[in-house]
Amino acid sequence: MKTPVTVLGLGAMGTALARAFLAAGHPTTVWNRTPGRSRELDALGAVRAASAAEAVAAGPLVVVCLLDDSTVRATLEPLAADLTGRTLVNLTSSLPSQARALAEWAAGHGVDFLDGGIMAVPVLIGGPQAFILYSGSTAAFEQYASDLKAAARPAYVGKDPGMASLHDFTLLSAMYPMLGGAAHALALISGEDISPTAFTDDYLVPWLSAMLGQLPAMAKDLEHGPDGPAGSNLAMQANGFHELVDLAVEQGVDPAMIAPMEKLLQRAVSEGHGDEDLAALVPLLRGGA
Ligand code: FVH
């Protein structure tokens, strides 16, 4: 028999996780604060527990996916005794410090603990693009990785329970400005006779894909130092960037999304990095505001 799994929380993500475990043949017990949510899981074979404690008692592997860290603490703290001897996998978004504190709480109650960062939206769960970053108990990961695979490809990023969250939020920090930049680009053309779909398919995706292809070189420069003169030096970029802000103003678009980049480039130049490449921004940012 496959490992029984308990899922606490049937929001959009908890429901997707429960569906994936059911699809992979895991006996799956579910609980949600508001009863009756995600009724479709019943027909797939989910067992609906009357209380969180009853859900926890159903099996050795407890996956929690609630709104935020304070919700998790409020839900789990009364269940400490029920969780003892089981493995708790927290897939709720939380800060590294919160994950570490939860791990400490779990250890104090004899609960094996993994924190996870879900790199997917609900519709991708169970599919090939989804992956989930895990950190915390190596033993728990080794024991349950093959079960957790039902939800998404599991990637273990370290014993420190804060590592999954650090990786997760770092990846989101790269994603949001990219998607915000895409929204800014589409706003620039929105008053024009240009199809957003065609523009995106023909130019935006190929352009961003080509630029993404440059990231490994940037990371290499950062790790080993530049291996030649900058192809696109920061002085040149800082000099021209105001035109992007001017274009936004001309098109009636709020430049809020791109304006901080101009300031950052100017700062890099004024601090002597004009002849360097974008990798020079990394230590600059690390130095703080
Ligand atoms: N959905 C997504 O795209 C992202 C992908 C990456 C990871 N996130 C994180 O996953 C956590 C849950 O997100 P979600 O999408 O499932 O969120 P909701 O659909 O809003 O469901 C929230 C669940 O939390 C329950 N809940 C809220 N407050 C309480 C409380 N005080 N006590 C107990 N449970 C609570 C809520 O229950 P109910 O409102 O139905 O009673 C839902 O089960 C989240 O950390 C994302 O950042 C998702």
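Residue indices begin at 1 and follow the sequence shown.
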Using side-chain heavy atoms (C-beta onward) and a distance below 4.5 Å, is [X] in contact with [Y]?
X	Y	result
Met218	Val282	yes
Gln237	Leu278	yes
Pro226	Glu276	no
Thr15	Asn32	no
Asp227	Lys220	yes
Arg153	Met119	no
Met175	Leu172	yes

Output yes when a side-chain donor or acceptor of Thr92 lies under 3.5 Å from a complementary backbone atom of Leu66, and no otherwise.
yes

Any donor and acceptor pair, going by atom type alone, linking the side chain of Tyr203 with main-chain N or O of Ala198 inside 3.5 Å?
no

One thing to verify: whether Lys2 and Asp147 come together as a salt bridge, which I'm taking to mean a side-chain N less than 4.0 angstrom from a carboxylate O.
no

Other than Leu124, which residues form its hydrophobic cluster under the rule that side-chain heavy atoms must be closer than 4.5 Å?
Val121, Val123

Mind checking who shares a hydrophobic cluster with Met236, ILVMFWY linked at side-chain heavy-atom distances under 4.5 Å?
none

Where does the angle between the aromatic ring planes of His26 and Phe21 fall among parallel (under 30°), tilted (30 to 60°) and perpendicular (over 60°)?
perpendicular

Show the nearest heavy-atom pair for residues Ser51 and Trp31, with the distance to one decimal.
C-CD1, 3.4 Å

Do [X] and [Y] sit in one hydrophobic cluster, given that two such residues count as connected whenever their side-chain heavy atoms are within less than 4.5 Å of each other, even indirectly?
X	Y	value
Met257	Phe241	no
Ile132	Met163	no
Leu79	Val7	no
Val56	Leu17	no
Leu188	Met178	no

Report the C-alpha distance between Arg73 and Gln98 in whole Å, list the side-chain angles of each, state the deciding distance to 0.1 Å, and finish with yes or no for side-chain contact (heavy atoms from CB on, under 4.5 Å).
CA-CA 10 Å; Arg73 298 304 289 243; Gln98 294 169 330; over 6 Å; no

Let me see the working for Asp69 and Leu95 under side-chain contact (heavy atoms from CB on, under 4.5 Å), right down to the final yes or no.
CA-CA 8 Å; Asp69 179 65; Leu95 286 165; over 6 Å; no

Residue Glu271 excluded, over 12 heavy atoms near CD under 6.0 Å
yes

Should we say atom CD of Glu104 is surrounded by more than 12 heavy atoms from elsewhere, each under 6.0 Å from it?
no

Test log, rule side-chain contact (heavy atoms from CB on, under 4.5 Å), inputs Asp115 and Ser94
CA-CA 9 Å; Asp115 195 70; Ser94 39; 4.0 Å; yes

side-chain contact (heavy atoms from CB on, under 4.5 Å) evaluation trace for Tyr144 with Val89:
CA-CA 10 Å; Tyr144 290 117; Val89 179; over 6 Å; no

Side chain to side chain donor-acceptor pair (under 3.5 Å) involving Ser165 - partner list, sequence neighbours excluded
none

Identified side chain to side chain contact (heavy atoms under 4.5 Å, CB included) partner of Thr6 from the options Val47, Val30, Val62
Val62

